[in-house]
Amino acid sequence: MTTTTPVEEDGVKRRDFLYIATGGIGAVGTAMAIWPFVDQMNPSADVLALSSTEVDLGAIEVGSEITAVWQGKPVFIRHRTADEIKAANSVDLETLPDPQADTDRAVKPEWLIMVGVCTHLGCVPLKESGDFNGWFCPCHGSHYDTSGRIRKGPAPLNLAVPPYSFIDDKTVKIG
Amino acid sequence: MSFEPKNPVVKWVDSRLPIIGMLHHALNDYPTPKNLSYWWTFGSLAGVMLVVQIVTGIVLSMHYTAHVDMAFDSVEHIMRDVNYGWLMRYMHANGASMFFVVVYLHIFRGLYYGSYKAPRELLWWLGLVIFLLMMATAFMGYVLPWGQMSFWGATVITNLFGAIPIVGESIVTWLWGGFSVDNPTLNRFFSLHYLLPFVIVGVVILHIWALHTVGSNNPTGIEIKDKQDSIPFHPYYTVKDLFGLGVFLIIFCAFLFYAPNYLGHPDNYIPANPLVTPAHIVPEWYFLPFYAILRAVPDKLGGVMLMFGAIAVLFALPWLDKSRVRSARYRPIYKQLFWIFLLDCIVLTYVGGKPAEEPFILIGRIATVYYFVHILILLPLVGLYEKHKPLPSSISEAVLDEKPSAKEAGNA
């Protein structure tokens, strides 16, 4: 059989180029067509629009706590007592699994605001319980202190602090 | 023919479950007539559209809510909020139309080339079953957005069953799950709309199984006689089908991106109102010929029976067509009747989309009568009396006969 396609010196035929070019365009086109099917499962515009929550702090007395909802997650807002703040500040950071100073976790020491989701596997910890009088996760036994830092148990990290700012003395905007 | 894998993993699997060999036989070395034209591309295009509909449908159901209070808004949520939701919904809605376009072309291809005749009767039947399932699925899918057309389409079509004597009313109540089209109806339609496409997949597998047992028909209508008449499916027809797919996707995308609502009805962007019927209700275009037949009869039961009969008679086609020659290429009279029949179906489609008033009622009646006359009277008679052109002795001969004349034309 004779070939009508000229073979170049390095053995590459024009047909090889055509195969690769066609396959390449096909692959790129397919990838572009698949992307919308993947992206449709990402948060939709109406979900993204719910990015911040404002909470009135006026009714929360010292030593009590409320749970707000931000992006579908519980957010603990605790009006800490002087004892709790003192306990949170008198810990040797070297001994913590996830070292972080209490002053880095609260803008105003009396207001501790954090996402109430255990960093182990996502359960909601119970307040005023556990070995450190902070939070205790009943699912797998993680103990958090009065600053929400992990002290004992399987959770790897401290309870997360969401972005927030105080609009005035009695209102906080989370998110 | 036989599949002898070299890869040890493939060998290990195939000796325990011969699935790779089966796929290899079906998609790779399936001996295909070497003279298939582009009219044979629509089967694979229909398969592609079934996959497109299932994939986009699964995506849509992730964001849709099947409840009368929320369905309409959830569709708008898909259009406005969900990432690429507009693309998914328009793909699904226009995809349904494209699916019917390729299936109708596929069916008329079969009518022209006599693909329903022995030994392909079961293949033809399975195709008709797929067609019926498609119509049921498309109808129920159209109800889900819960717009005005959805609601009143559901009301009219379910009321067809009310024409059945004695038990008709009970059946309609059973279909509705109440005394009017309401939330129970919407919920069951959603459930069935999700189920039926997978039933279609099952029947498609049977359709392909039957096809690969009896072999593909071809433009000459003559069976493959020896190796010279056939070529392996891959790469010849995989590439041909892929090229056809490329051209088809251009047309699909033209609708999708430039006229996504051209085939729809604006009334379906009005939320369903059980108290007010739109002034002019029409089904989607692919139901129009049958809708025209329904309206052609001034009797409730008669109209419904004739409409279902229009599809039922197609099942009898292999026995109604008495001609032993398959392809219209060698049947001079049938060839003309085919084009008249196609024109008749187009007229029915046109009339179905027009209001029920003169002259459309009369035209619809004439076209309806001709539809049945063609199938029940002309087809058997022509088969008996028609003198067919001489048939080539083989596919190869037919193909080679064309070549010299083409060369002469080229040289002249």
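Worth saying up front: this structure is predicted, and the values here are computed from it rather than measured. Computed from heavy atoms alone, side chains included, the values below leave out hydrogens, waters and symmetry copies.
The shortest non-hydrogen separation linking Gln40(A) to Val82(B) is O-CG1, 3.9 Å.
Looking at Asn83(B), its side chain does come within 3.5 Å of a backbone N or O of Asp39(A) through a donor-acceptor pair.
Here His63(B) contributes atom NE2 and Ser44(A) contributes atom OG; the two are 7.5 Å apart, rounded to the nearest 0.5 Å.
Sorted by first and then second residue, the ring-ring contact (aromatic ring centres under 6.0 Å, His included) pairs with a member in residues 138-162 of chain A read His120(A)-His140(A), Phe136(A)-His143(A); sequence neighbours excluded.
Counting heavy-atom neighbours within 6.0 Å of Tyr38(B) OH, excluding the residue itself, gives a total above 12. More than 12 non-hydrogen atoms from other residues, nucleotides or ligands lie less than 6.0 angstrom from CH2 of Trp111(A).
Tyr84(B) is listed as a side-chain neighbour of Trp35(A), based on a closest heavy-atom distance under 4.5 Å.
Applying the disulfide (SG to SG under 2.5 Å) criterion to Cys253(B), with sequence neighbours excluded, gives no partner residue.
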